[in-house]
2 protein chains.
Amino acid sequence: MPETAPRPDRLSGTRYGSRPTMKDVAARAGVGLKTVSRVVNGEPGVTPDTERRVQEAIEALGFRRNDSARVLRKGRTASIGLVLEDLADPFYGPLSRAVEEVARAHGALLINGSSAEDPEREQELALALCARRVDGLVVIPAGDDHRYLEPEMRAGVATVFVDRPAGKIDADAVLSDSFGGARDGVAHLLAHGHRRIGFIGDMPRIHTAAERLRGYRAAMADAGIPVEESWMSLGVTDPERVRRAAEEMLAGPAPVTAIFAGNNRVTVTVVRVLAGRGRSVALVGFDDFELADLLDPGVTVVAQDAAALGRTAAERLFGQLDGTLLTPERIELPTRLITRGSGELPPS
Amino acid sequence: MPETAPRPDRLSGTRYGSRPTMKDVAARAGVGLKTVSRVVNGEPGVTPDTERRVQEAIEALGFRRNDSARVLRKGRTASIGLVLEDLADPFYGPLSRAVEEVARAHGALLINGSSAEDPEREQELALALCARRVDGLVVIPAGDDHRYLEPEMRAGVATVFVDRPAGKIDADAVLSDSFGGARDGVAHLLAHGHRRIGFIGDMPRIHTAAERLRGYRAAMADAGIPVEESWMSLGVTDPERVRRAAEEMLAGPAPVTAIFAGNNRVTVTVVRVLAGRGRSVALVGFDDFELADLLDPGVTVVAQDAAALGRTAAERLFGQLDGTLLTPERIELPTRLITRGSGELPPS
DNA sequence: TAGAGCCTGGACAACGTTGTCAGAGCGGGA
DNA sequence: TCCCGCTCTGACAACGTTGTCCAGGCTCTA
């Protein structure tokens, strides 16, 4: 007599809350354990009739393979970890999405977490992911010492750093050309007649911030303009301090006529400051952001391609896993100047 | 003779690429396997001296516990899954960040993936996460039939739906008050003298879209205004079609004087359309977005609190896991009208 | 009809960890 | 001196899967 739709919780000898295993399926289908495994994994060597019986048992019991056991046995988890700064930051949305797409194309899942810019938390998170035996790790560094990852990398965890290079170890890194981008952005302001140009950026201990500052200095030097200390504001990142910094630059006897903003959060804050003032001040920001074109004037930016960063990094990671990419490399992706108005304002 | 900093890849009987296990650590420290386990897990009953020896061995070998094996043994993974629509959508950034924070507070990791609004992909992803034996699942539904999750939920996977309710099963859901929010937003336009108000929203098969449409109709009905078909555009989501829809509403002999936009992507597109026109048209959008206050005029929105949605959902999920929350519930979070100018324009 | 070879199925070990339980060593009390 | 009880340690099984290997039954050929 064929069974008629048994209730899934009436599993043989299992209590509520536990799940059927291949053994249960095998018992129900009246076959051996390994046969079930073969069916589940689509391996050859199973008669259509047997396969059908097994499929029915799987269906009836609501069986789902336990991937933990599988991972334990096979050694590979088909998952990669992504450690970023803050999931809520719009810059990382497209980036993690791109990483996810590549992972998906390779049949891998994405596990991710935010370091909140805290090096300790970055380490904790990265090591937790390693304990899960992720196959690879994409890290947007918060700290500047990644030696803690050496044993992991030696053990075969593919590792790629994005946006900022790794600290004190030799590893793949995919970056935007911060130096070149900043230099071009500042040069753009210079080309429009500005001479007193301010720079507001993050702490120079952050690689990208340092590079952008270097780009700013290089552009000014190329134009033969000595930079005054009061034009630069470094390590300023929270809105209130950015606001004050901007206001100070714009006050005094010889105020700046243009500002170069080191990242998109700074840019947005500067936009707010400028919106509250009558006098027009030119602005170029590093990083594009949504709606930049709708503001009045549109905000001219040095855009980096977050999705390309993520895609490139993930592809290198799988390249490492394939064994095709072996020597660590630093890849710099170009930036693109998008003119929208704010960077083309003349000095006032 | 004490060993001096052995090279980590010289593991006893292990080849390059494999990792030391507790057995290796035990052998090196000259203790039993279980003692290592005790030290690693901070269990009591180990002499300080033994513990020190074990710690040294761990250090020397670069040992890291294999969580896959641990999970297999313990049954709990200390990780939760998040299935959302699109990681790159700014609305989901704060949401997933909030989920992550709660997970972190409970010592759990977050695994996530995007469904890209594809029901099949949602299912595939959710089931993959279940195969990994996540303890719980936060799902932003793309499909409208979630019966496939029943065996999982019965097996003890905590499940919470966010932003939209589950389809065809009884499950926890945390939603924004789409109906009330839309009604209030439209009422706001009515209060400013508008009578011909357009509505552009997503397909009504999406719960939130249907609710917002219902709110629009309710507000209009309350004001005693019969809604004309040409004022409504449903199932329109890609920018080009939104643009056309908006332009059609604004053309003709009796154009609308105000538009209610059903979600933030629509709102942004409508803003672009309106920016290109001389005549002023009032606009209220559902969902807040960054820089809405900087546009001219600022965009009046019905804001939902994405972070609160995520936080509430995750907390309910861990409540289920604690065993404190047992009966599925639908929670609606209030929305908030933020006036910034665009919704207060008079009819022209 | 007998033998060779193929196809299907199953028994068993192993992956690395943790829970159980029992044994070893030691100190103190009778 | 002997025994009890305590603390610390380790042997062993189990978690659910997959890889290896062998057995049995079948078909095909001589």
If each of B/Ala69 and B/Thr47 is mapped to the nucleotide of DNA chain D with the nearest heavy atom, which maps nearer the 5' terminus, i.e. the 5' end?
B/Thr47
Rounded to whole angstrom units, what separation is found between the CG atom of B/Asn66 and the P atom of D/dC15?
18 Å
Applying ring pair (Phe, Tyr, Trp, His ring centres under 6.0 Å), can you list everything that pairs with A/Tyr92, at least two apart in sequence or on another chain?
none
Do B/Lys34 and C/dG19 have a side chain to base donor-acceptor pair shorter than 3.5 Å?
yes
What's the closest nucleotide to the side chain of B/Thr50 if the choices are D/dT18, C/dG16, D/dT9?
D/dT9
Mind checking A/Val71 for me? I need base, sugar-phosphate or nothing, with any heavy atom below 4.0 Å counting as a touch.
nothing
Can you find a side chain N or O atom of B/Arg70 that sits less than 4.0 Å from OP1 or OP2 on C/dT18?
yes
In whole angstrom, give the distance that lies between atom CZ of A/Phe63 and atom P of D/dG16.
10 Å
Rounded to 10°, the helix from C/dT1-D/dA30 to C/dA30-D/dT1 deviates from straight, judged by its five-pair end axes, by 60°
Given atom CE of A/Met22 and atom P of C/dA13, what is their separation to the nearest angstrom?
19 Å
Ignoring hydrogens and angles, state whether a donor on the side chain of A/His146 or A/Glu122 is under 3.5 Å from an acceptor on the partner side chain.
yes
May I ask you to say what B/Ser68 touches in the nucleic acid, namely base, sugar-phosphate or nothing, with a heavy-atom cut-off under 4.0 Å?
nothing
State whether the distance check finds a donor on one side and an acceptor on the other, under 3.5 Å, for side chain B/Arg38 versus base D/dG10.
yes
Which part of the nucleic acid, if any, lies within reach of B/Asn41 when heavy atoms closer than 4.0 Å are counted: base, sugar-phosphate only, or nothing?
sugar-phosphate
Is any side-chain nitrogen or oxygen of A/Thr35 closer than 4.0 Å to OP1 or OP2 of C/dG9?
no
When the distance from CZ of A/Arg73 to P of C/dC12 is rounded to whole Å, what number comes out?
16 Å
Send over the distance from B/Lys74 NZ to D/dA13 P, rounded to a whole Å.
21 Å
Taking only Lys NZ, Arg NE, NH1 and NH2, and the carboxylate oxygens of Asp or Glu, determine whether B/Arg19 and A/Glu152 approach each other closer than 4.0 Å.
yes
Hey, are A/Arg316 and A/Glu329 close enough for a salt bridge, meaning a charged N less than 4.0 Å from a carboxylate O?
yes
Taking the basic N atoms (NZ, or NE/NH1/NH2) and the acidic carboxylate oxygens, is any pair closer than 4.0 Å for B/Arg28 and B/Glu56?
no
Would you call A/Arg104-A/Glu100 a salt bridge at under 4.0 Å N-O?
no
Closest to the A/Leu72 side chain, choosing from D/dC15, D/dG16, D/dG19
D/dG16
C/dA14, C/dG10, C/dT17: which one has an atom nearest the side-chain heavy atoms of A/Val31?
C/dG10
For B/Lys23 and C/dT17, give me the distance from atom NZ to atom P, rounded to whole Å.
11 Å
B/Glu85/A/Arg97 salt bridge by N-O under 4.0 Å criterion:
no
When rounded to whole Å, the CZ to P distance for the pair B/Arg52 and D/dT9 reads 12 Å
Do NZ/NE/NH1/NH2 and the carboxylate oxygens of B/Glu315 and B/Arg311 come within less than 4.0 Å?
no
Between C1' on C/dG9 and CG on A/Leu33, what's the gap in Å once rounded to a whole number?
12 Å
